[in-house]
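Structure, as structure tokens:
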Amino acid sequence: MQRPIYNMPHYPTLTQNYAAPPFNAIKGDGVTLYDDSGNSYLDFTTGIAVTALGHCHPKWVQALKDQLDQLVHCSNLYGIPSQQKLADNLVKIAGKGKVLFCNSGAEANEALIKLARLHGQKKSEKTGKPCFDVLTAHNSFHGRTFGCMAATGQEKIQKGFHPMLKGFRHAQLNDLKSFEEQMDEHVAAVMIESIQGEGGIFPAETKFLVELKALCEQHNTLLLIDEVQCGIGRTGDFFAYQESGILPDAIGMAKGLGGGFPIGAIWIQEAHSTLFQPGSHGTTFGGNPLASAAGNAVIDILQEENLLKNVQTLSASWHEQLHQLKAQYPIIVKAIRGRGFMVGISVNDAITIVESARNKGLLIVPAGHDTVRLLPPLIASAQDLDQSVAILESVFKELSSH
Ligand SMILES: Cc1ncc(COP(=O)(O)O)c(C=O)c1O
């Protein structure tokens with residue numbers, strides 16, 4: 001079915017660093033996003049892995065309204081009970097340690113990089129050798145600030161902004177030897193996405209994570225896990241690394257944590273949690289009462305509605321159906337990767353497939369140079385997932401007939 005013409009957005013006073021948007025989004029309800037031309041879409045972008053509970057979950061909306069009536073902001077000058085509750089929630093999930101709040105994924109990773117520098121300083125006091133490097137993976141994505149850009153293993157993200165911040169090295173994901181070759185006494189931390197998201201949905205293998213953790217321990221190097229995109233239930237575990245059984249030294253998170261309201265956080269394992277001291281770091285907005293209420297609502301609803309289980313049970317048959325599509329359209333579908341509700345389909349022309357799916361009522365998002373990403377909300381039903389497969393099948397059928 002061909003969709004009606006969209007109202008083309010026209011925003012002449014906005015900078016042009018985002019691709020021209022195809023439509024104006026004006027309303028969201030559960031798995032559905034509405035534009036201002038009367039079209040509705042099955043939203044499998046979730047605002048790039050953010051609206052984990054779907055759009056405007058009524059309990060989440062109520063929690064935000066309740067907090068709005070009480071207190072929105074007071075900065076970290078004063079105690080914020082909802083922030084403390086969210087930290088307690090995260091410690092229950094990640095393990096004994098401490099939490100620091102911020103406002104985004106890049107800010108969370110900046111805090112992880114600062115943690116790495118503090119750890120490196122301590123290490124160099126013992127060895128007498130400078131230690132501040134952070135080792136990350138090629139094809140990784142850690143954010144757009146100067147620290148995160150330098151950490152990111154993709155030249156296209158760094159283009160135009162050289163010189164990069166000093167002290168970053170890169171090695172090949174899932175290739176322990178490549179990490180061993182880069183590891184020495186100057187490396188303060190390794191930072192890794194459990195599943196590379198922007199790079200095209202490439203999971204870190206369990207064996208690799210376990211061996212990487214051992215390598216880090218051997219060198220007194222922190223293992224920092226970037227769960228900004230793959231965390232908060234997206235894979236069926238609260239954090240994607242949990243499947244491997246490792247205990248990271250620190251975790252960066254954001255996106256799904258606020259369910260659509262901006263918040264980021266890092267969790268630091270108890271042994272390293274005193275590296276940050278008063279004055280080491282700070283943020284005006286991080287963990288404010290409203291953002292923290294959003295985070296608590298996300299965690300409460302994930303538990304009340306058993307959403308991790310939902311992802312675990314429904315993703316098996318969804319993945320199976322997607323693999324059937326691959327078998328049916330081998331020229332178009334090169335590979336299917338991912339876990340739970342975080343799936344990448346490798347194709348020749350990601351942009352055409354994203355556009356065609358949109359015209360048929362399914363929103364998906366490109367990743368890497370040849371991948372389309374499917375990121376359903378964790379509340380998606382079997383029918384929603386089936387519908388995504390039916391739309392993709394129709395997209396591939398149309399493409400293969402050209
Ligand atoms: C793995 C990862 N880390 C960090 C970031 C940066 O997050 P933000 O855009 O909230 O700064 C992203 C964003 O896509 C991401 O996917």
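Just so it is clear, the structure is predicted and the values come from calculations on it, not from any experiment. Each ligand, and each atom within it, is numbered from 1 in the order the structure gives.
- Once rounded to the nearest 0.5 Å, the distance linking CZ of R117 with CG of L112 reads 13.5 Å.
- Near S104, with a cut-off below 4.0 Å to any heavy atom, the atoms of ligand 1 are 10 (O), 11 (O).
- In terms of protein heavy atoms, atom 10 (O) of ligand 1 is closest to G105 N, 2.8 Å.
- For atom 11 (O) of ligand 1, the nearest protein heavy atom (residue, atom name, distance) is A106 N, 2.8 Å.
- Here the straight-line distance linking atom CD of E227 with atom CD of Q242 works out to 7.5 Å at 0.5 Å rounding.
- Contact annotation: N109 has at least one heavy atom less than 4.0 Å from an atom of ligand 1.
- Using cut-offs of 30° and 60° for the angle between ring planes, the F276 and H281 rings count as parallel.
- Residue contact annotation: K255 has a non-hydrogen atom under 4.0 Å from ligand 1.
- Taking atom 16 (O) of ligand 1 as the reference point, the nearest protein heavy-atom neighbour is Q229 NE2, 2.8 Å.
- A centroid separation of 6.0 Å or more is found between the aromatic rings of F101 and F285.
- Nearest to atom 1 (C) of ligand 1 by heavy-atom distance, out of E193, E107, E198, is E193.
- For the pair R337 and F202, the cation sits on the ring face: its NZ or CZ lies under 6.0 Å from the ring centre, inside 45° of the axis.
- Between F161 and F146, the angle of the ring planes goes over 60°, which puts this pair in the perpendicular group of the 30/60° scheme.
- Closest to atom 3 (N) of ligand 1 among all protein heavy atoms lies D226 OD2, 2.8 Å.
- For ligand 1, the atoms closer than 4.0 angstrom to any heavy atom of V228 are 2 (C), 3 (N), 4 (C), 5 (C), 7 (O), 12 (C), 15 (C).
- Separation of the F44 and F341 ring centroids does not fall under the 6.0 Å cut-off.
- Atom 7 (O) of ligand 1 is approached by the protein to below 4.0 angstrom, counting heavy atoms only.
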